[in-house]
Amino acid sequence: MNPNPTNEPIYICGPTASGKSSLAIKMAREHDGEIVNADAFQLYRGLEIVSAAPSAAERALVPHHLYGVLDPTASADAQLYVKLASPVISEIQSRGKTPVITGGSGLYLKFLTHGAAPLPTGDAALRAEMDSQSLEDLVARLQQLDPLEASRTALQNRRFVSRALEICILSGQKASDLRDGWEKQTAEISSKLRGFVIQRTREDLHARIALRTKAMLEGGALQEVAAMSAISSNCEKAIGFREVRSLVNGEIDRATCEELINAATRQYAKRQETWFRREKWLVPKVV
RNA sequence: GGCCCGAUAGCUCAGUCGGUAGAGCAGUGGAUUGAAAAUUCACGUGUCGGCGGUUCAAAUCCGUCUCGGGCCA
């Protein structure tokens, strides 16, 4: 008998290095499920070690989907992720299995669970143009085009200002109008979701991060990055990528590399905890 | 053994002419609907190595001790 007759997805969230992969495998086995990636960087091919994607041994235990499916030169975003994940999830359900969706990319998960606001997709050329302008000019332009959006945007955050402006320019409408209304039904959606967020003490998490970084460096991260360093892509933003490249290039020593990765990973984990803390539908799972 | 330099936040250090101290990093909390492993905001009490002394007032000047580092024996 299927313990989950509805085949509704189970979400496994939590900060990096908290043990999402193994919990997902456990849940998948208990619920006759298959695992779907929700990690922005594990999507990429050739970044398995640096992004700490599930190992071959782990993948052999349960079917895994959406790992290493993007070319390193491809650019991804939350909407593309939903486009990739939705059919995979439906397909799993159609076979009577339960999708176990796991990953630490809060925004991607949010799009998947709560849908996308009706906004235009980012435009690389426009972004490049905006990147060459001063923040003051971008802010002034946003204040002119959409004062309401400007008033509720963190104007020191160039990314947020650019995005708001981008929406106005590409759509010909006010970002504030397009964004309004989107959040109205989130509470209702949330009430129907089921998922867990792994919780660990900071001390424990930091220790796990340190162990993982060490394993990563000993487990082929240098070769992986060396193989990819000719490619300019989103992968360069992965924590560990630049640090390992600096190590490979002899700019820093191994101990420094390790500590830089650890610090960046700790900071990332903290941001993830902040994000998931707001997702009240996630049930804390103390490990 | 003698001389010199150093000791200030978890770390690296700044601190003017004596007026009880502040940067970066780390850390903590927050924001975050199409770059998100991204981007961004806020948060700084610490025996100023110890003990004496001078002074209205000492991280700052003097003495001494301790611990580093160096030079000379």
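Below, read A as the first sequence line, B as the second, and so on, with proteins coming before strands; counting in each chain starts at 1.
Using a cut-off of 4.0 Å between Lys/Arg side-chain N and Asp/Glu carboxylate O, A/E273 and A/K270 are scored as not salt-bridged.
Each of A/Q267 and A/E166 has a nearest nucleotide on RNA chain B; the 5'-most of these lies closest to A/Q267. Residue-to-nucleotide proximity on RNA chain B shows that, of A/K110 and A/A40, the 5′-proximal contact is made by A/K110.
Checking B/A37, B/G34, B/A26 against the side-chain heavy atoms of A/F41 singles out B/A37 as nearest. Nearest to the side chain of A/R266, among B/A38, B/G27, B/A37, sits B/G27. Across B/U39, B/A37, B/G34, the shortest atom-to-atom separation from the side chain of A/F160 is found for B/U39. Each of B/A37, B/U28, B/G34 was ranked by its minimum atom distance to the side chain of A/I167; first place goes to B/G34. Closest approach to the A/A78 side chain among B/G34, B/A36, B/A37 is made by B/G34 (side chain taken as heavy atoms from C-beta onward). Checked against B/A37, B/A36, B/G34, the side chain of A/T121 finds its nearest nucleotide in B/G34. You'll find that the side chain of A/N157 is closest to B/U39, out of B/A35, B/G27, B/U39.
B/G24 is paired with B/C11 under the Watson-Crick or G-U wobble criterion, all donor-acceptor distances under 3.5 Å. In a base pair of the Watson-Crick type (N1 to N3 plus N6-O4 or O6-N4) or a G-U wobble (N1-O2 and O6-N3), with each distance short of 3.5 Å, B/C17 is matched with no nucleotide. Base-pair partner of B/G68: B/C5 (Watson-Crick or G-U wobble, both distances under 3.5 Å). With both pairing distances under 3.5 Å, B/A37 is matched to nothing as a Watson-Crick or G-U wobble pair. Pairing of B/A57, defined by two Watson-Crick or G-U wobble distances under 3.5 Å, is not identified with any nucleotide.
As judged by a 4.0 angstrom heavy-atom cut-off over every strand, A/R127 is placed among the base-contacting residues. When heavy atoms are screened at a 4.0 angstrom cut-off, A/G104 is found touching the sugar-phosphate backbone but no base atom. Counting non-hydrogen atoms under 4.0 angstrom, A/Y81 reaches nothing in the nucleic acid. Contacts of A/S75 with the nucleic acid, taken as non-hydrogen atoms under 4.0 Å apart, are absent. A/A76 comes within 4.0 angstrom of the backbone, heavy atoms only, and of no base. Across all strands shown, A/V50 has heavy atoms under 4.0 Å from base atoms, whether or not it also approaches the sugar-phosphate. As judged by a 4.0 angstrom heavy-atom cut-off over every strand, A/R202 is placed among residues touching the sugar-phosphate backbone only.
Between B/A37 and A/R271, no contact under 4.0 Å exists linking OP1 or OP2 to a side-chain N or O. A close approach under 4.0 Å does occur between a side-chain nitrogen or oxygen of A/T274 and OP1 or OP2 of B/G30. For the OP1/OP2 pair of B/A36 and a distance below 4.0 Å, the side-chain nitrogens and oxygens of A/Y108 include at least one atom meeting the criterion. For the OP1/OP2 pair of B/G34 and a distance below 4.0 Å, the side-chain nitrogens and oxygens of A/R179 include at least one atom meeting the criterion.
B/U39 and B/A59 have their C1' atoms separated by 40 Å, given to the nearest Å. Using atom C1' as the reference point in both B/C72 and B/U20, the two lie 40 Å apart (nearest Å). With both ends at atom P, the span from B/G10 to B/G49 equals 13 Å, rounded to whole Å. Comparing the C1' positions of B/C71 and B/G18 gives an interatomic distance of 32 Å, to the nearest angstrom. Rounded to the nearest Å, the gap between the P atom of B/U64 and that of B/A57 is 23 Å. Taking the P atom of each, B/A31 and B/U16 are spaced 42 Å apart, rounded to whole Å. The same atom, P, is picked in B/C13 and in B/C17; the two are 23 Å apart, to the nearest Å. Comparing B/C11 with B/U54, their C1' atoms sit 35 Å apart, to the nearest whole Å.
When rounded to the nearest whole Å, the span between CD1 of A/I169 and P of B/G34 equals 15 Å. To the nearest angstrom, C1' of B/A37 lies 14 Å from CG of A/N262. Look at CG on A/L70: it is 14 Å from C1' on B/G34, rounded to the nearest Å. The separation between A/L84 atom CG and B/G34 atom P is 18 Å, rounded to whole Å. Rounded to whole angstrom, the span from the OH atom of A/Y268 across to the P atom of B/U39 amounts to 13 Å. Between the C1' atom of B/G27 and the NE2 atom of A/H206 lies a distance of 8 Å, rounded to the nearest Å. Per the geometry, CZ belonging to A/R159 stands 9 Å off P belonging to B/A38, to the nearest Å. Look at CG on A/D131: it is 12 Å from C1' on B/U39, rounded to the nearest Å.
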A/E149 vs A/S176, test: side-chain hydrogen bond (donor to acceptor under 3.5 Å, both in side chains). Steps then yes/no.
CA-CA 5 Å; A/E149 190 67 6; A/S176 54; 4.7 Å; no
For A/L155 and A/Q143, what are the C-alpha separation, side-chain angles and deciding distance, and is it a side chain to side chain contact (heavy atoms under 4.5 Å, CB included)?
CA-CA 10 Å; A/L155 298 177; A/Q143 281 167 335; 3.8 Å; yes
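With hydrogens and angles left out, the side-chain atoms of A/Q79 and A/T121 include a donor and acceptor closer than 3.5 Å. In the model, A/T16 has a side-chain atom that pairs as donor or acceptor with a side-chain atom of A/R212 under 3.5 Å. In summary, the side chains of A/D253 and A/T256 do present a donor paired with an acceptor at a separation below 3.5 Å, with no hydrogens or angles considered.
The aromatic rings of A/W281 and A/H114 sit tilted, their planes meeting at an angle between 30° and 60°.
B/G27 has its base anti relative to the sugar, with a glycosidic angle deviating from 0 by more than 90°.
At a cut-off of 3.5 angstrom, the base of B/G29 holds at least one donor-acceptor pair with the side chain of A/K270.
Across every non-hydrogen atom of A/A85 and A/L112, the tightest pair is CB-CD1, 4.1 Å.
Residue A/K110 qualifies as enclosed at atom NZ: its count of foreign heavy atoms under 6.0 Å is above 12.
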